[in-house]
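Chain A is the first sequence line, chain B the second, and so forth, proteins listed ahead of strands; every chain is numbered from 1.
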Amino acid sequence: MMPSDQLATYLLLGLFLLIFGIYGMIRHRTFVGMLISGEFILNGAALNFMAFNRFVAPDPAVGQIFTLIVMGIGAAEAAMIVSLILMVFHKYRVIDPDKVRDLKG
Amino acid sequence: MSFYRYLAEGLFFGFIVCIFAGAFISLRARQLMNSVLGLAISLLGVAGLFYHLGSPFLALMELLINIGVVCVVIAFGIMVGPKPDQAAEKRPPPKRNRMLAAGACLAASALLLWTVLNTPWNPAIARIGDFTIRHLGESLLHQFCLPFELISILLLVAIIGALIIARIGRYGARE
């Protein structure tokens, strides 16, 4: 059986994308870098949905629709976060997350 | 096994290499624009895997939405937004951050790896429908009509909200 016919291959790739996204989210020093890492996490989830849809689910439309919803949420999230970054930049003149700390308790 | 089967497997491994290469480019890049490029390469690999999973429609949507919209929006954000503060990205992260990131990733990956390898994933006994776009469209407009409408409203609200927030950021809130 080839690797492209096995569920575990896709799950491990989704796991890699998730782990990479978490690592990048903590490591990056700018808001935009964190946004990029968030996209990796979302795509890991989408890949998992598609893999389960192909190998386990009874109705193949369900996973595809879930993946479409994940993509829609990703697009909305990216648009919102970019506009928030622009607003933070105009207000604070920085995009360093360490310096935007008005609400820090 | 036929020649085309080998070709498909070769493409499959090519897409996996795309995902890994894009992820490492994105992590190691010194400039944010290169980081976005890495994201785009990685998403190209994900789109190829969607094709292998039997859904060419989703592969095209991935190219159209995630590479064509999300990456371009992030690139716009980088270009319109602050230039000088890219120095923040060049500064190495503090040691505490790096340790925290490595610890969180190792713990999560160990747990999930154990789950993936030790769970018996049983395939469904019977399949309803097939992988055609016709079946997808019918389910989207019959069974999953509410999520479909909700995602449209979410996108509309997000676009209007993004416009308003960006405008307030530029001109200040009007009293």
(message) Quick check on the interface: out of A/Leu7, A/Leu12, A/Ile81, who has the most heavy-atom pairs with chain B under 4.5 Å?
(response) A/Leu7

(message) Can you list the residues of residues 7-15 of chain B that sit under 4.5 Å from chain A, counting heavy atoms only?
(response) B/Glu9, B/Phe12, B/Phe13

(request) Look only at the side chain of A/Glu39 and the backbone of A/Leu35, and say whether a donor-acceptor pair between them is shorter than 3.5 Å. (result) no

(message) Less than 4.5 Å to any heavy atom of chain B: does that hold for the side chain of A/Leu47, its backbone, both, or neither?
(response) both

(request) Mind ranking B/Gly54, B/Ala158, B/Pro123, B/Ala23 by heavy-atom pairs under 4.5 Å with chain A and telling me who comes out on top? (result) B/Ala23

(request) Drop me the distance from B/Cys18's SG to B/Ile25's CD1, to the nearest 0.5 angstrom. (result) 9.0 Å

(request) With a 4.5 angstrom heavy-atom cut-off, could you sort out which part of A/Thr9 is near chain B: side chain, backbone, both or neither? (result) side chain

(message) Between B/Leu43 and chain A, with a heavy-atom cut-off of 4.5 Å, which part of the residue counts as in contact: side chain, backbone, both or neither?
(response) side chain

(message) Below 4.5 Å, heavy-atom pairs only: which of A/Leu42, A/Ile69, A/Ile22 has the largest tally toward chain B?
(response) A/Ile69

(request) Report the option among B/Phe148, B/Phe24, B/Trp121 that has the most heavy-atom pairs separated by less than 4.5 Å from atoms of chain A. (result) B/Trp121

(message) To the closest 0.5 Å, what do you measure between CG (B/Leu44) and SG (B/Cys71)?
(response) 10.5 Å

(request) Pick one of side chain, backbone, both or neither for B/Ile151, based on which atoms fall under 4.5 Å of a heavy atom in chain A. (result) side chain

(message) Tell me the closest heavy-atom pair linking A/Phe40 and B/Gly22, and the distance in Å.
(response) CZ-O, 4.5 Å

(message) Measuring from atom CD1 of A/Ile19 to atom CG of B/Leu112, what distance do you get when rounded to the nearest 0.5 angstrom?
(response) 6.0 Å

(message) Among A/Phe66, A/Tyr23, A/Phe55, which residue has the highest count of heavy-atom pairs closer than 4.5 Å to chain B?
(response) A/Tyr23

(message) Quick check: is B/Phe131 connected to A/Met71 through a chain of hydrophobic side chains (ILVMFWY, heavy atoms under 4.5 Å apart)?
(response) no

(request) Enter the distance from A/Phe20:CZ to B/Ser109:OG here, rounded to the nearest 0.5 Å. (result) 14.0 Å

(message) Tell me the closest heavy-atom pair linking B/Phe50 and B/Leu58, and the distance in Å.
(response) CD1-O, 3.9 Å

(request) Nearest 0.5 Å please: distance from the CE atom of B/Met79 over to the CD1 atom of B/Ile74. (result) 12.0 Å

(message) Is B/Asn122 in contact with chain A via its backbone, its side chain, both, or neither, using a 4.5 Å heavy-atom distance?
(response) backbone

(request) Using a cut-off of 6.0 Å, state whether more than 12 heavy atoms not belonging to A/Met2 lie near its atom CE. (result) yes

(message) Just so I understand: if I count every heavy-atom pair under 4.5 Å between each of B/Leu106, B/Leu155, B/Val69, B/Leu163 and chain A, which residue has the most?
(response) B/Leu155

(message) Is A/Leu15 in contact with chain B via its backbone, its side chain, both, or neither, using a 4.5 Å heavy-atom distance?
(response) side chain

(message) Please determine whether a side-chain nitrogen of the Lys or Arg among A/Asp59 and A/Arg54 lies less than 4.0 Å from a carboxylate oxygen of the Asp or Glu.
(response) no

(message) At a 4.5 Å cut-off on heavy atoms, which part of B/Glu62 comes close to chain A: side chain, backbone, both, or neither?
(response) both

(request) Could you state whether B/Leu63 and A/Met50 fall into the same hydrophobic cluster, counting links through intermediate Ile, Leu, Val, Met, Phe, Trp or Tyr residues with side-chain heavy atoms under 4.5 angstrom apart? (result) yes

(message) With a 3.5 Å distance limit and no angle check, can you tell me whether B/Ser35 reaches the backbone of B/Gln31 through a side-chain donor-acceptor pair?
(response) no

(message) For chain B, which candidate among A/Ser4, A/Ala78, A/Ala51 shows the most heavy-atom pairs at distances under 4.5 Å?
(response) A/Ser4

(message) Counting heavy-atom pairs closer than 4.5 Å to chain A, which one of B/Ile65, B/Val70, B/Val46 comes out on top?
(response) B/Val70

(request) Heavy atoms only: give me the nearest A/Ala61-B/Ser139 pair and the separation to one decimal. (result) CB-OG, 3.3 Å

(request) Please flag which part of A/Ala57 lies under 4.5 Å from any non-hydrogen atom of chain B: side chain, backbone, both or neither. (result) backbone

(request) Measure distances from B/Ala126 to the heavy atoms of chain A and classify the residue's part below 4.5 Å as side chain, backbone, both or neither. (result) backbone

(request) Assess the pair B/Phe20 and A/Phe16: is the distance between their ring centroids shorter than 6.0 Å? (result) yes

(request) Identify which part of A/Asp5 has an atom lying under 4.5 Å from any heavy atom of chain B, answering side chain, backbone, both or neither. (result) side chain

(request) Heavy atoms only: give me the nearest B/Asn34-B/Ala29 pair and the separation to one decimal. (result) CB-CB, 3.6 Å

(message) Is B/Arg134 in contact with chain A via its backbone, its side chain, both, or neither, using a 4.5 Å heavy-atom distance?
(response) neither

(message) I need the residue from A/Ile73, A/Val82, A/Ile36 with the largest number of non-hydrogen atom pairs under 4.5 Å to chain B.
(response) A/Ile36

(message) I'd like to know which of B/Val157, B/Leu150, B/Asp130, B/Ile159 tops the heavy-atom pair count under 4.5 Å against chain A.
(response) B/Asp130

